[in-house]
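Below is one structure, written out as C-alpha cells, with a few remarks after it.
The basis for the numbers below is simple: all heavy atoms, side chains too, and nothing from hydrogens, waters or symmetry mates. Sequence lines set the chain letters: A, B, ... in the order given, protein chains first and strands last, and positions in each chain run from 1. Note that the structure is a prediction, hence the values are computed from the model and not measured.
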Amino acid sequence: MIAEIGAFAMALALAISLAQGVLGVVASRRDSRADATAAAAQAVAVLCALAFTCLMIAFVRSDFSVAAVAANSHIDKPLIYKIAGTWGNHEGSMLLWCLVSAVFGGVLATWRGKQSAGLWSRSVGVQGFVTAGALIYTLFLSNPFARLDPAPMQGSGLNPLLQDPALAVHPPLLYLGYVGLSVPFSLAIAALLEGKADQAWARSLRPWTLIAWTCLTLGIALGSYWAYYELGWGGWWFWDPVENASFMPWLIACALVHSAIVTERRGSLASWTILLAIMGFGLALLGTFLVRSGVLTSVHAFAVDPQRGIAVLVLLGIALGVGFTLYALRAPKLAQASGFAAVSRESMLVWNNFGLAVAAGVVLIGTLYPLLVEAVGGGLISVGPPFFNMTVAPLLAALFLLLPLGPIMTWRVGDMRSALTKLAPAAALALLTLIIALVMTSWRAVPAIGLAVGVWLIAGGLVYLWSRIGRGEGRAMAKLALLPLAVWSMSLAHIGAGVLTIGAVAETGFRVEQSVALTPGEGVAFAGRRITLLEVGEREGPNFSATRANFRIDSANGARTIGAERRFYPTSPMPTTEVGILSGLDGDIYVALGEAVRGNEGAWSVRLYYNPLVHLIFLGAAMMALGGALSMVSLARRRRAQP
Amino acid sequence: MARRRDQRLMIIGVAGAVLVLAATLTFAGLRDSVVYFVAPSDLAQKAQDGQRIRVGGLVVEGTVRHETDGVVLFNITDGATEVQIRYVGLLPDLFREGQGVVAEGRWTPGQAFEAERVLAKHDETYMPREVAEALKERGEWKGGETP
C-alpha cells in the first residue's frame with residue numbers, strides 16, 4: 001500500500017510539475033497565472049516529499065515486495081543504514097534528485113525577493129520542467145516502487161563498502177550540489193526569455209550558486225575522505241571518470257559564485273554568468289550520465305544500464321539545446337553595464353573565471369577522450385592521473401598566483417603597484433618557503449613550487465584581513481570582530497584553498513608506501529617509525545565477521561596500537577578492508593591488512609603508507625565549505641537589512 | 001578611447017596565450033599519458049617494450065600466489081592466451097579467481113607483466129568493459145549483454 005501511495009504521489013507530481021512549467025513560462029505579467037505557478041511548485045515539493053517518505057518507510061520496514069528494497073537492503077542491517085539505503089541505490093537516488101529539484105522549485109516560488117514578476121514566474125516554470133524531466137526518468141526508467149511477486153523473504157543487502165557514515169551523507173550532498181545548479185540554470189533561462197539580466201537578477205542567483213558550490217565542496221571532500229580510509233589504497237583522489245564527473249561542475253560552480261558577484265555589484269559580465277549557469281547544469285547532467293551509463297571504465301562501480309544512460313543523455317541534450325539556442329538568440333541583446341580597466345577587481349575575477357573554465361574544459365577533454373578515440377575506432381584507451389596532474393595542476397597554480405590580488409584590488413580601476421606592495425610580506429614568505437623546500441627536497445621543483453603557492457594563498461588571505469583591520473581607529477581585536485561576514489567568508493574560503501593545496505602537494509609529492517609480509521611479533525622500520533604486527537585474530541561484528549590484526553607503532557613520541565581488518569559480509573562474496581590509521585600532526589600512518597601469504601605459514605601481507613599532511617586536504621575543503629556557508633548567512637542578513 | 005582598446009587587446013592577447021599553452025599541454029599530455037588496453041593474445045604483437053599499457057582478462061583459477069614482501073603472482077586469460085601478472089601490493093577487495101580484472105603496467109616479452117595497478121570493480125557482478133569486449137572478440141563471452 002505504501003509503495004502505491006508513493007508511486008501515485010510521483011505520478012501526480014509529474015502532472016503538476018508539467019503544469020507548473022507551462023504556466024510559469026507563459027505567465028509573464030498575468031498575476032493569476034503566476035499565483036497558480038507558485039501553488040503548483042509548492043504542491044510538487046510536498047508530493048515528492050511524500051513519495052520519498054513512502055520509500056523510506058518501505059526501507060525501514062524491510063518491505064521486500066518492493067524491488068529496490070529487496071535488492072539493496074537486509075533485515076540485519078543497522079537502522080541508520082536502512083534509512084541511508086533509501087538513497088544508497090540507483091532508484092532511490094533518482095527519487096532524491098526529484099525531491100531536491102522539487103523542493104528548490106518550491107523555495108524559489110515562495111521566496112520571491114525583489115525580482116520582477118516575469119523573471120520570477122518564468123524561473124519557477126523552467127524549474128518545473130527540470131523537475132518534470134527528472135520525474136519522467138525516475139517513473140519510467142527507474143521506478144523505485146516497482147513490486148516483486150513473489151516477495152523474497154530476505155533482501156540481498158547493501159554493498160558493505162557503502163555501509164559507512166560518510167557515504168550515508170555523501171550522495172545527498174552531491175545531489176544538493178548537482179541539483180542546486182539547476183536553479184541557476186532556471187534563472188538563466190528565465191533571464192534569456194525575459195531578455196533581462198540585471199543586478200536584482202544576479203542577487204537572486206547568488207544564494208543558489210553558493211548552495212550548489214558549498215554542497216559540492218562538502219560532498220566531494222566526503223567522498224574523497226571515504227575513498228581514503230575505506231578503499232585501502234592510500235590515496236584520496238584518483239582522477240577517475242566518476243570523480244571528474246563531480247569535479248567539472250564544481251569548477252564551473254566556483255566560477256559562477258565569483259562571476260555572480262561581479263554581475264550583482266557592477267552589473268557587468270551578465271551574459272557570461274548566464275553561459276556559466278547553463279554549462280554548470282549541463283556538466284552536472286553529464287556527470288550523472290557518466291556515472292550511470294558506465295561508458296567509461298571507472299575504479300568506482302555503480303549499477304550501470306546503457307538504456308538509462310541514453311535517457312540521461314537525451315535530457316542533457318534538451319537542457320543544453322534549449323539553453324544554448326536561447327543564449328545565441330538573446331544574449332547579444334542583453335544590456336552591458338559599466339566597463340572596467342584591465343587592472344581591477346573585475347578583471348581579476350575575469351581571470352579567475354577564465355582559469356576555472358579552462359581547467360574544467362581540460363578535465364572534460366581528458367575524461368571524454370577515451371570515448372572519442374573508441375568512437376573513431378582507435379582502440380580502447382584510458383587517460384590516467386599523469387595527464388591531469390600535468391595539465392590541471394599548472395593551470396590551478398597560475399590561477400592561485402593571481403588569487404590574493406583579487407580581494408586587494410578595488411572595483412573598476414585597480415592599482416597593481418599598491419596591491420603588490422601590500423602583498424610583499426606574503427610574497428616574501430612564499431619565496432622563503434620555495435627556497436627551504438627546494439633545499440630540503442634536494443631540488444624537487446614541482447612539490448616545492450606547490451608548497452610555495454599554498455603559503456602564498458594563506459599569507460595573501462591573512463594580509464587581506466590585516467588590510468581591512470588597518471583602516472580606521474580602535475583596537476585591532478575589536479575591529480577584527482566588527483569585520484563584515486562577507487570578508488570573513490571570502491578569506492576563509494581562500495585560505496582554505498591554500499591549506500588544501502599544501503596538503504595535496506605534500507601528500508602527492510612525499511607519500512611513502514611499502515608492501516611487507518609480517519608474522520606476528522615481527523617488525524619493520526618505516527618512515528622513521530617501527531611497525532610491529534602484534535597478533536591476528538577473528539572477531540564477530542553485527543552483520544559481518546572479520547580478521548583483525550593489531551599493530552604497534554613505535555616512534556619518538558612513544559608507542560601506539562592500531563588495528564586493521566578484513567571484513568566478510570555473508571551477504572556479499574567480497575571482503576572489505578578496514579584500514580588502521582594513526583593520525584599525527586605531521587600526517588597519517590596508514591596500515592592495510594592483506595591476505596595470508598601462501599607458502600609462508602603465519603605471515604600476512606601488509607601495505608604501509610605514510611601520508612604527510614593529508615589531514616590538511618580535508619581541513620582545507622572544510623574551510624572552503626564553511627566560507628561558502630558563511631557567505632550565505634551574510635547574504636541572508638543583507639536581505640533582511642534591506643526590506 | 002585608444003587606451004581602452006589597447007587594454008582590451010592586451011587581455012585578449014594574454015587569454016589567447018594561456019589558451020594556446022593549455023591546448024599544447026593538453027595534447028602533449030594526451031599523447032604521452034594515454035594508456036592502451038591490450039588483450040593477452042595481442043600482447044606480443046601490440047605491446048612495445050616499456051610502454052605503459054592495460055591488460056585485462058579473467059583470473060585463472062589456482063594461479064594466485066602470494067610471496068613474501070607483498071609480491072603477488074597470478075595468471076589472466078582471454079580464453080586463448082594466458083599471461084602472468086606480477087604485482088607488488090594489496091589486491092583490491094574485489095579481486096577473485098575466475099573474475100575479470102584489469103592490470104596496468106609494463107610488459108617485456110618473456111617476462112611476467114609488471115603491474116603497477118590492478119583494477120577490479122566494487123560490484124561483484126561487474127565485468128570490466130574492456131575485458132568483456134576482449135572476450136567477445138575471442139568468442140569466449142558467456143554472459144548476457146555487455147555491462
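- Only the side chain of A:Trp351 comes within contact range of chain B, with at least one heavy atom under 4.5 Å from a heavy atom of that chain.
- More than 12 heavy atoms of other residues, nucleotides or ligands shown are found within 6.0 angstrom of OH on A:Tyr229.
- Among the candidates A:Val392, A:Leu356, A:Val362, A:Leu364, the single residue satisfying the side chain to side chain contact (heavy atoms under 4.5 Å, CB included) test with A:Leu251 is A:Leu356.
- With a 4.5 Å cut-off on non-hydrogen atoms, A:Phe387 touches chain B through its backbone and its side chain both.
- Counting only N and O atoms by type, the side chains of A:Arg607 and A:Ser515 include a donor and acceptor under 3.5 Å apart.
- Heavy atoms closer than 4.5 Å to chain A are found in both the backbone and the side chain of B:Ala28.
- Proximity to chain B (any heavy atom under 4.5 Å) is shown, for A:Leu518, by neither the backbone nor the side chain.
- Taking the six-membered ring where the residue is Trp, A:Tyr590 and A:Tyr609 present perpendicular rings, their angle passing 60° and hence far from 30°.
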